[in-house]
Amino acid sequence: MAEQSSDQEKTEEPTAKREEDARKKGDIARSKELNTVVILLMGSTIIWMAGDRIFLGLWAVMEDAFKIDRARIYDPLSMVVGLESSMQDMLAAIAPFLAAMVLAALVGPIAMGGWSFSAEALTPKASKMNPLEGLKRMFAVRSLIELVKSLLKFGLVLGVMLLLVEVYLPEFLNFSQLPIATALLRASDLMTMSFVVLCASLLLVVAIDVPFSLWEYKKKLKMTLQEVKDEMKQTEGRPEVKGKIRQMQQEMSQGRMMEAVPKADVIVTNPTHFAVALKYEEDGTGAPMVVAKGGDLMAAQIRNIALANGITLVSAPPLARALFFSTEIDQEVPKGLYLAVAQVLAYVYQLRIATDKRWKKPQPPKDITIPDEYKKYANKTH
């Protein structure tokens with residue numbers, strides 16, 4: 001029971017597949033505080049820097065709308081045309097602000113967790129509409145953390161606001177001595193700038209919320225040891241299935257290899273434990289090729305097929321071992337074994353000619369020498 005309990009603890013870091021699956025579902029790291037502050041900062045900055053221009057543009061639209069001449073009064077379409085013109089002018093006046101808001105709404109989420117669109121995240125879920133689940137969320141640890149953040153934001157904004165009042169209060173009291181237009185413009189600048197400072201103060205909350213949100217997201221994606229094992233099985237396949245596939249592949253490979261044995265020029269044997277089938281294209285430009293090889297039962301099968309098809313068998317234990325351990329199927333013979341293989345092939349060609357012309361058969365090559373680097377295979381068994 002203790003072992004099972006420990007397996008259920010989420011102690012493992014999330015795998016790349018777990019993170020990718022979560023992203024496909026629209027479950028990515030997000031910070032509402034970051035999104036809110038980016039939008040507030042962008043909006044307040046635009047108003048502070050371009051507020052006069054936006055105000056003058058809207059003022060011009062309103063001024064033009066209230067200038068009605070006699071011709072427009074008696075024109076039934078003048079109201080529609082005037083409304084359309086006013087809407088276009090108003091849109092042009094606030095276009096920079098709207099563009100900045102759209103940009104801010106995109107920058108916040110992308111900066112935190114990147115761009116992600118998931119149709120699955122838009123699918124209604126019954127759990128979200130369940131009142132009991134809603135009550136659980138209300139009294140969950142996450143709700144308590146949100147409450148603490150809200151209190152922190154309230155206290156921070158209140159403190160900064162009191163500080164701004166203390167700094168700018170003397171100037172506000174002096175507005176009574178200024179002309180109305182000048183006082184209104186200066187008051188507008190101070191209020192806009194104060195709003196920017198208030199929004200900027202929330203960066204402290206963001207500095208706390210972003211690392212916490214990333215940590216919480218990673219914690220939520222953490223996996224139990226059993227989940228990691230199950231995912232590996234799903235990704236790589238179950239061991240028994242992989243073993244069956246590997247066996248089938250080996251059988252298919254062996255089948256193709258055995259089909260190549262009757263086309264070989266010679267079979268170099270150990271003589272019993274190893275057998276290597278070689279083929280050489282006389283009109284080709286490459287070296288002799290290893291078309292089949294095997295040990296023990298496979299070697300016996302290669303020898304039987306070779307004898308049934310009249311393929312010459314040459315017993316050369318050192319060469320057979322060197323070829324078996326240093327080559328792969330359909331691979332050329334290594335350069336270091338060229339001379340030894342050439343001796344074997346020369347014997348095979350002499351034997352063919354002697355057999356065709358009924359001459360005395362040549363003696364098989366003896367004391368075939370191989371380079372020292374291949375002598376390490378002399379006692380190798382598998």
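- In terms of modelled atom types and a separation under 3.5 Å, the side chain of Arg303 and the main chain of Thr272 share a donor-acceptor contact.
- In this structure, the side chains of Gln363 and Gln350 stay at 4.5 Å or more apart for every pair of heavy atoms.
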**Candidate pair Lys335 and Tyr338, rule side chain to side chain contact (heavy atoms under 4.5 Å, CB included), full reasoning** = CA-CA 5 Å; Lys335 292 182 179 180; Tyr338 278 2; 3.8 Å; yes
**Derivation of the side chain to side chain contact (heavy atoms under 4.5 Å, CB included) call for Leu198 and Leu164** = CA-CA 9 Å; Leu198 284 173; Leu164 289 172; 4.1 Å; yes
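- Once rounded to the nearest 0.5 Å, the distance linking OG of Ser31 with CD1 of Ile208 reads 11.0 Å.
- For the atom pair CG (Leu214) and NZ (Lys219), the distance works out to 14.5 Å, reported to the nearest 0.5 Å.
- Within 6.0 Å of the CD1 atom in Ile180, the count of heavy atoms belonging to other residues, nucleotides or ligands does not exceed 12.
- Glu227 and Lys222 get closest at one heavy-atom pair: OE1-O, 4.3 Å.
- Linking Ile, Leu, Val, Met, Phe, Trp and Tyr residues whenever their side-chain heavy atoms come within less than 4.5 Å leaves Leu345 and Ile353 in two separate clusters.
- When each of Asn35, Leu41, Leu34 is tested with Val38 by the rule side chain to side chain contact (heavy atoms under 4.5 Å, CB included), just one qualifies, namely Leu34.
- Between the Lys153 side chain and the Val205 main chain, no donor and acceptor come within less than 3.5 Å of each other.
- Linking Ile, Leu, Val, Met, Phe, Trp and Tyr residues whenever their side-chain heavy atoms come within less than 4.5 Å leaves Met49 and Leu103 in two separate clusters.
- Across every non-hydrogen atom of Ser44 and Thr192, the tightest pair is O-CG2, 4.1 Å.
- Counting heavy-atom neighbours within 6.0 Å of Leu169 CG, excluding the residue itself, gives a total above 12.
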**Request:** Carefully, step by step, assess Met258 and Met298 under the rule side chain to side chain contact (heavy atoms under 4.5 Å, CB included).
**Result:** CA-CA 10 Å; Met258 292 305 174; Met298 186 66 65; 2.8 Å; yes
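- Linking Ile, Leu, Val, Met, Phe, Trp and Tyr whenever their side-chain heavy atoms come within less than 4.5 Å puts Leu162 and Met193 in one cluster.
- Heavy atoms only, all atoms of each residue included: Met257 and Ala292 are closest at CG-CB, 3.1 Å.
- The two residues Ala354 and Lys360 come nearest to each other via the heavy atoms CB-O, 3.8 Å.
- One distance of note links CZ of Phe154 with CE of Met161; it measures 7.5 Å at 0.5 Å rounding.
- Residue Met289 is not grouped with residue Val333 when hydrophobic side chains (ILVMFWY) are merged at heavy-atom distances under 4.5 angstrom, including chains of intermediate members.
- Using a 30° and 60° split on the angle between ring planes, Phe274 and Phe325 fall in the perpendicular class, above 60°.
- For Asp89 (side chain) and Val61 (main-chain N/O), no donor-acceptor pair under 3.5 Å exists by modelled atom type.
- Cluster membership for Leu307 and Val291, using ILVMFWY side-chain heavy atoms within less than 4.5 angstrom, is not shared.
- The shortest heavy-atom contact between Ile370 and Pro318 is CD1-O, 3.8 Å.
- Just one of Val314, Val348, Val341 meets the side chain to side chain contact (heavy atoms under 4.5 Å, CB included) condition when paired with Leu278; it is Val341.
- Within 6.0 Å of CZ on Arg352 lie more than 12 heavy atoms contributed by other residues, nucleotides or ligands.
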**Stepwise side chain to side chain contact (heavy atoms under 4.5 Å, CB included) test for Leu323 and Leu319** = CA-CA 6 Å; Leu323 288 170; Leu319 178 59; 3.9 Å; yes
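- In this structure, Asn309 contributes its side chain and Ile305 its backbone to a donor-acceptor pair below 3.5 Å.
- Separation of atoms OH (Tyr349) and OG1 (Thr312) is listed at 10.5 Å; rounding is to 0.5 Å.
- Separating the CG atom in Asp296 from the CG atom in Asn270 is a distance of 9.5 Å, to the nearest 0.5 Å.
- Rounded to the nearest 0.5 angstrom, Leu337 CG and Thr327 OG1 are separated by 8.5 Å.
- Taking the side chain as every heavy atom from C-beta outward, Leu40 and Phe195 approach each other to under 4.5 Å.
- Closest non-hydrogen pair, Ile39 versus Met101, comes out as O-CE, 3.5 Å.
- Contact annotation: the side chain of Leu351 approaches that of Lys361 to within less than 4.5 Å [non-hydrogen atoms, C-beta and beyond].
- For Met191, the CE atom is loosely surrounded, since the number of other residues' heavy atoms within 6.0 Å does not exceed 12.
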